[in-house]
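This report concerns only the one structure given below.
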Amino acid sequence: MQILNKKITLDELMHIESHLFFDDMIKCVADIDRGLLAVNAEMHADLEALLLTQGSSQKSLYGLNIWEDGEIEFDSLINPPRNREAGYPRAGRYVADPAARQKITEVVKKWVNI
């Protein structure tokens, strides 16, 4: 589990640490206000907690998965509160706000060469 501090390739992301939790994807949490990306945990909540200890605001954190083919999946159990705050109370785990998805994508591309 770590917060990226340099841009890496997709292949580097998929092999970022000796212990990966999944074979074909990696869980991440993006801080859309600070432009940070935490990666590699079994649960998004663990990455969320890591970013919170580093000064992130919970309202800025979104969970996502990056698949080995570079697809970004906007799905996490930490997302429903952000959806409700953005006016999408029934959206569930998917990031319903298009502006938030755009910011998440920008953060991912800032740190991972997809």
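Being a predicted model, the structure only gives us computed values, none of them experimental.
The two residues N79 and G63 make their nearest non-hydrogen contact at OD1-N, 2.9 Å.
No side-chain donor-acceptor contact under 3.5 Å links N113 to the backbone of I8. Counting only distance, with no hydrogens or angles, the side chain of N83 and the backbone of A96 share a donor-acceptor pair below 3.5 Å. In this structure a side-chain-to-backbone donor-acceptor pair under 3.5 Å is missing from K110 to L36. Within the 3.5 Å criterion, the main-chain N or O of Y62 finds no donor-acceptor partner in the side chain of D31. Panel note: side chain W111, backbone G35; a donor-acceptor pair is recorded below 3.5 Å. Checking side-chain atoms of R84 against main-chain N and O of R90 turns up no donor-acceptor pair under 3.5 Å. Using modelled atom types, one side-chain atom of E17 and one backbone atom of M1 make a donor-acceptor pair closer than 3.5 Å.
Side-chain N/O atoms of H44 and N65 include a donor and acceptor closer than 3.5 Å. A donor atom on one side chain and an acceptor atom on the other are not found under 3.5 Å apart for S60 and R34.
Under a cut-off of 6.0 angstrom, the local environment of CG in D23 is sparse, with at most 12 non-hydrogen atoms contributed by other residues, nucleotides or ligands.
With values rounded to the nearest 0.5 angstrom, S56 atom OG is found 10.0 Å from E48 atom CD. For the atom pair H15 NE2 and N40 CG, the distance stands at 11.5 Å (nearest 0.5 Å). To the nearest 0.5 Å, the span separating CD1 on I3 from CG on L47 amounts to 9.0 Å. Taken to the nearest 0.5 Å, the CG atom of L4 stands 5.0 Å off from the CD1 atom of I16. Distance NZ/K27 to CG/D46: 9.5 Å, rounded to 0.5 Å.
At a threshold of 4.0 Å, the pair K59-D33 counts as salt-bridged, since one of the basic side-chain nitrogens sits closer than that to a carboxylate oxygen.
Pairs passing the side chain to side chain donor-acceptor pair (under 3.5 Å) check and including a residue from residues 93-102, sequence neighbours excluded, read D75-R93, Y94-R101, Q102-E106.
For the pair V112/T9, no side-chain contact is recorded, criterion being any heavy-atom separation below 4.5 Å from C-beta on.
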